[in-house]
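Note that these values count all heavy atoms, side chains included, but never hydrogens, waters or copies made by symmetry.
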Amino acid sequence: MITVKNLYKSFNGRSVLSDISVTFEAGKTNLIIGRSGSGKTVLLKSIVGLLEIDSGEIWFEDVLFNKLDFNDKKTIRSEIGMLFQGSALFDSLTVEQNVRFPLDMFTDQTNEEKLERVNFCLQRVNIINSNNLFPAELSGGMKKRVAIARAISLNPKYLFCDEPNSGLDPLTAILIDDLIKELTEEYSMTTIINTHDMNSVMQIGEKIIFISEGVKNWEGNKNEILSSDCESLNDFVFANALAKKLRSTDK
Amino acid sequence: MLKFLNQLGQYFLLLKKVLSRPEKPGIYFKQTMRELVYLGLTSIGIIAIVSFFMGAVITLQTAYNTESPIYPKYLIGLGCRDSMILEFSSTIAALILAGKVGSNIASEIGTMRVTEQIDALEIMGVNSASYIILPKLIATLIFNPILTLISIIVGIVGGGLAGTLSGVMTTENFIYGIQYLFVPYYITYSLIKTVVFAFIITSVSSFQGYYVVGGSLEVGRASTKAVVFSSVLILLFNVILTQLLLS
């Protein structure tokens, strides 16, 4: 479980996040949604410690994460897996070496054990016979899946995904969503996904927070989102033509 | 001025991170070996070609500008040897490497920054600065002196060939010249300069790449800045080191 209390973040005096308080539950897919530029990525990066916050508290279980120094954060970070928007695979390493990297850095396993774990993770995300390919040789969907394999290689307790569906076709996006949800349940991880894709919201949104202009405007789940009376949320949810049409038909 | 001091502070903070204790020395060793090939071995060709022709040109220019019975012919060899050792193989070769290796380092690290690969390392709890930059630093500090020695040898060979093939002097004169009044300390001086220049090229270029903000345009700019700043610092430290080591 991750708890954020009264988080504030600004850049050069311009406030980006204001008084964000939320609890992300373990074993659930927690979604942060909002328009582009609303502060979703800043919130995600603040939680994982890539950005220093101005004030507030970030708790990983009972550890106050944002007050730890770099070395103390390492223990928590070894329990974090992160899927970046552009996958962030290491260009100079093959698929196998990418997934193996965290094992090389943080475990004392033998080569055989590492290889077994790498192959298990790659099979889990349906990447087969691609161990020796480089990231440049992979499609967008494959890159995301390899990045997920790398993220879960150390059996993380926390999984962070920044726009996992960006740049993917709808079918591949659904596959990635389903994969993240399955892994979250399988390993009872605390998963936080940053997205503005309404398909993802309706597919896997067990807990959703909506951010608008750096402020948390709404909190709920996928069943509650369509009946919300939050105006800014409705503008976001029913932004596309199909959703508008469905809503008018429903009325 | 404030911006300059801010950048200077950031540079030294980065160096502190780079020089902190490696998490897994074995992995750093492998990375260093990779960088030795990538930054060192692949530079031999350009350094050898440029040194060969520079040695040849120095010999021919010295010969054509000292066509006088007062000057013994073997001084052409001496001129070629000292020019290569004292200035070309350390300073000019470093400027060439600032262009080749420096831009390479800045663009590689800058691309890692804008594609969030550095963030990925940080999330895992890896000291990204040390993991990425330290192997490059060690590789260039080890290999650049070797490049300097190669440059000296190839340059003198180039000078000897140009001198004898063009008929401006005999092989015996050239060989006598390159042995005449040889000061072994000049080699030490040249290698000390090379090590300092290697540190400048790698650290400055890494700094420019590591703090890139933006996209491919900014990576290109960082690469250009890396070459310009490294070159200026090399020229500045060339003067300082010459005064310190030869005075």
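Nearest heavy atoms, A:Asp91 versus B:Gln117: OD2-NE2, 3.0 Å. Heavy atoms only, all atoms of each residue included: A:Ser92 and B:Arg34 are closest at CB-NH2, 3.3 Å.
The neighbour count for A:Glu57 CD, taken as heavy atoms of other residues, nucleotides or ligands under 6.0 Å away, is above 12. Within 6.0 Å of CZ on A:Arg124 lie more than 12 heavy atoms contributed by other residues, nucleotides or ligands. Atom CG of A:Asp108 has 12 or fewer neighbouring heavy atoms from other residues, nucleotides or ligands inside a 6.0 Å radius. Counting heavy atoms of neighbouring residues, nucleotides and ligands inside a 6.0 Å radius, atom CZ of B:Phe4 does not exceed 12 of them. Other residues, nucleotides and ligands contribute more than 12 heavy atoms inside 6.0 Å of the OH atom of B:Tyr211. Around the NZ atom of B:Lys30, the shell of radius 6.0 Å holds no more than 12 heavy atoms that belong to other residues, nucleotides or ligands. For B:Tyr28, the OH atom sits in a packed shell: over 12 heavy atoms of surrounding residues, nucleotides or ligands are nearer than 6.0 Å. Crowding of A:Glu185 atom CD: a count of heavy atoms from other residues, nucleotides or ligands under 6.0 Å exceeding 12.
With chain A as partner, the option from B:Ile118, B:Thr111, B:Val126, B:Thr115 having the largest number of non-hydrogen pairs under 4.5 angstrom is B:Val126.
Looking at B:Ile27, only its side chain comes within 4.5 Å of chain A, counting heavy atoms on both sides. Both the backbone and the side chain of A:Gln85 have a heavy atom closer than 4.5 Å to some heavy atom of chain B. Of the atoms belonging to A:Phe101, it is side-chain heavy atoms, and not backbone ones, that fall under 4.5 Å from chain B. When heavy atoms are compared at a cutoff of 4.5 Å, B:Glu23 approaches chain A solely by way of its side chain, counted from C-beta outward. Of the two parts of A:Leu154, neither the backbone nor the side chain holds a non-hydrogen atom closer than 4.5 Å to a non-hydrogen atom of chain B.
Side-chain contact check for A:Leu50 versus B:Glu122: some heavy-atom pair is nearer than 4.5 Å. Contact of the A:Lys74 side chain with the B:Asn127 side chain is not registered, since no non-hydrogen atoms from C-beta on lie closer than 4.5 Å. When side chains are defined from C-beta on, B:Met124 counts as touching A:Arg150, because their heavy atoms get closer than 4.5 Å. Within the 4.5 Å cutoff, side-chain heavy atoms of B:Ile123 are placed close to those of A:Phe84.
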Report all side-chain donor-acceptor pairs from residues 225-235 of chain B shorter than 3.5 Å, counting only partners two or more places apart or in another chain.
{"unit_1": "B:Ser230", "atom_1": "OG", "unit_2": "B:Ala226", "atom_2": "O", "d": "2.6"}
{"unit_1": "B:Ser231", "atom_1": "OG", "unit_2": "B:Val227", "atom_2": "O", "d": "2.6"}

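Here CE of A:Met82 is found 7.5 Å from CG of B:Asp119. Values are rounded to the nearest 0.5 Å.
One finds a salt bridge joining A:Lys45 and B:Glu116 here, because a Lys/Arg side-chain nitrogen approaches an Asp/Glu carboxylate oxygen to under 4.0 Å.
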